[in-house]
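Notes follow the structure.
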Amino acid sequence: MRIALIGGGAAAVSLIDGLLGRVLDPEHLDVVVYESGPRPGPGRAYRADLGCAFINTRTGVTSIRADEPGHFLDWLHTTPAGMGTGFAHADADSFLPRWVFGEYLADCLDHACHSGSVRVERQSVHRVRPGATDVLVETADGQRAAYDRAVLCVGGGEPAQVYGLEGAPQYHRDPYPLTDTVTRLPSRARVLVIGTGLAAVDTVLALRDAGHEGDITMASRRGLLPAVRVSRGRWDLACLTPEALARAGERAGGPSLETLGALLLTELDRAGVTRQEAMERVRPGYDARARLMYQFREAETGAPWQRILTTAANRLAEPLWQLLPDAEKRRYLRGLHHIFQSECHPMPPLTAVALLDMMDDGQLTVRSGIQDVRARPGGGFVLDAHGQRYTCDAVVGAARQSVGLPGPAARPLVSDLVDQGAATPHPFGGIRVDAATHRVLTADGAAQARLHALGDLTAGTFYHTGPLEVISRHADRITDALLAAVPGTAEEPVA
């Protein structure tokens, strides 16, 4: 079987690893990865950059394999490439720079290419034409090739651009690579970072490590920083379970947010978290420093709130999202999505310490209520937040983009698929896919037999698609679907 993977980041590497692990005879498999970025394997998320940009999960549970969470740690300890990173001493509880995981991805892809079943084409894909007997892939330079199956692994896009600042002097639309951004910013400039998520945190720490002397402001609508990763792992859920969700889904009209909230409160109560404490975590009007300090102390003690929420998110977000009526999904996105993003995409504890130190030194301020950012005619920028006006010398865009929005390079490809009726936009982000096989759905609702999607592009269907644990589980599901037509697999696949 000939398979084309459009995109060569972490999702593609996880999928390739699963395919090679299941095919007994490599001659039955011919995988071509199309990747035009700087280096196949790391993708945008894990490319070479400053060491202050950390993976936000522990080394012992960061892996491309759903059933082998320690694969990355073993790679560090046992392979020449892993030991060559300088982090062979890392233990399971450590947090490593993202570039180290990028080396792991690149090495895994190199190993796959040495098998003879995988090769990389350093080309961007311009069109994909799924047909009855094959999938035609056309690159930007006009080359065409036919495949039995294709998988869209295009990844996410750049930060959101919402204030029309493009072209203004000292406006930096994307903080990555951080090495470039920090060299372009004058050391004493007053810097505004638009956004308060993980990309914004990376930007602030990069400036700190570069010896930046000017004041730094992070600003967003809610001023909500990522939570702090707790010191212990998963939680054994007893109340918020698949069975409980199934019962809630059987009710007329489907489950409501109130029903699900009651299940969560019951789980929290069982863990010793009071209703008042739970409500305190989600109330509006956050004081960034106080919340960060509180969460840092929680992280040190292994408090159960985040452990319960992240365990439920990684295991139950997908079936829950598919059970929720569309009206409830819209309610959730308006009122609770930002809480989920903060709690389930937390920062390492050492990152929190660095931010607290910068706040205490007076260099870092976190503002909520952002209304507008505009360039001044004579240079510099004005920030309007909560009716107050602030000036700065430079702006870095690090706001979260819309859910399921592909990167700029992939948007024409996805738009073309939609225009030809081969794919359908999902109202909650990305494109529609069949939940069981990740097959792309056409304009008339039929599942494409030969075209699948993996990662951010499927966020409308699955919602929670970012964590590697989720990506590798989804990659296994696509592997099942792909290998259903391949002779000589290691086990009988599930179609």
Side-chain angles (χ1 to χ4, degrees), residues 52-63 66 69-70 72-73 90-98 101 196-202 205 224-241 261 263-283 286-317 320 336-357 359 366 464 466-472:
C52 61
F54 288 99
I55 308 170
N56 72 327
T57 54
R58 286 177 176 77
T59 303
V61 294
T62 306
S63 172
F72 173 46
L73 186 62
D91 60 25
D93 290 327
S94 62
F95 293 88
L96 297 186
R98 283 209 295 272
F101 194 76
T196 51
L198 289 172
V201 169
D202 283 351
L205 294 190
L224 186 60
L225 292 169
V228 182
R229 177 73 71 179
V230 299
S231 59
R232 299 176 192 171
R234 297 172 179 173
W235 187 265
D236 184 17
L237 299 171
C239 307
L240 192 57
T241 63
L263 287 173
L264 175 59
L265 288 172
T266 303
E267 190 75 61
L268 291 169
D269 181 67
R270 172 179 172 270
V273 179
T274 67
R275 182 179 295 259
Q276 181 178 351
E277 288 174 317
M279 292 300 102
E280 187 71 14
R281 295 292 293 248
V282 300
R283 69 177 177 84
Y286 318 96
D287 178 274
R289 187 191 179 282
R291 184 175 185 269
L292 194 56
M293 179 63 76
Y294 173 75
Q295 291 187 336
F296 178 74
R297 291 169 179 159
E298 273 195 330
E300 289 186 312
T301 62
W305 163 271
Q306 186 191 105
R307 295 168 63 198
I308 290 171
L309 204 60
T310 54
T311 300
N314 287 347
R315 298 182 181 180
L316 301 176
L320 169 57
L336 294 172
H337 174 68
H338 62 286
I339 297 291
F340 180 92
Q341 290 290 322
S342 171
E343 296 289 347
C344 295
H345 297 88
M347 68 178 91
L350 286 178
T351 298
V353 170
L355 294 183
L356 286 168
D357 287 345
M359 291 177 184
V366 179
H464 192 44
L468 283 164
E469 176 185 343
V470 176
I471 289 172
S472 59

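For Ser63, the side-chain contact (heavy atoms from CB on, under 4.5 Å) partners are Arg65, His71, Tyr104, not counting sequence neighbours. Applying the side-chain contact (heavy atoms from CB on, under 4.5 Å) criterion to Ala238, with sequence neighbours excluded, gives Glu267, Arg270. Among residues two or more places apart in sequence or in another chain, the side-chain contact (heavy atoms from CB on, under 4.5 Å) test is passed with Thr266 by Cys239. Annotation: ring pair (Phe, Tyr, Trp, His ring centres under 6.0 Å) contacts of His345 (sequence neighbours excluded): His464. Arg291 pairs by the salt bridge (charged side-chain N to carboxylate O under 4.0 Å, His left out) definition with Glu343, not counting sequence neighbours. Legend: residues meeting side-chain contact (heavy atoms from CB on, under 4.5 Å) with Arg297, ordered by chain and number and at least two apart, are Met293.
Across all their heavy atoms, Ile471 and Gly466 have their closest contact at CD1-O, 3.4 Å. Residues Leu225 and Ala288 share a closest heavy-atom pair of CD1-CB, 4.2 Å. What you find for Trp235 and Ala271 is that their closest heavy atoms are CZ2-CB, 3.4 Å. Nearest heavy-atom pair across Ala352 and Phe296 is CB-CD1, 4.3 Å.
For the side chain to side chain contact (heavy atoms under 4.5 Å, CB included) test with Arg229, the passing option among Gln295, Gln306, Met347 is Gln306; the others fail.
Using a distance-only test at 3.5 Å, with no hydrogens or angles considered, a donor-acceptor pair links the side chain of Thr311 to the main chain of Arg307.
In Leu336, the CG atom is crowded: over 12 heavy atoms of neighbouring residues, nucleotides or ligands sit closer than 6.0 Å.
With contacts defined as side-chain heavy-atom distances shorter than 4.5 Å, the pair Leu205/Leu355 qualifies. Leu292 is not listed as a side-chain neighbour of Val366, based on a closest heavy-atom distance of 4.5 Å or more. The closest side-chain heavy-atom distance from Asp91 to Thr59 is not below 4.5 Å.
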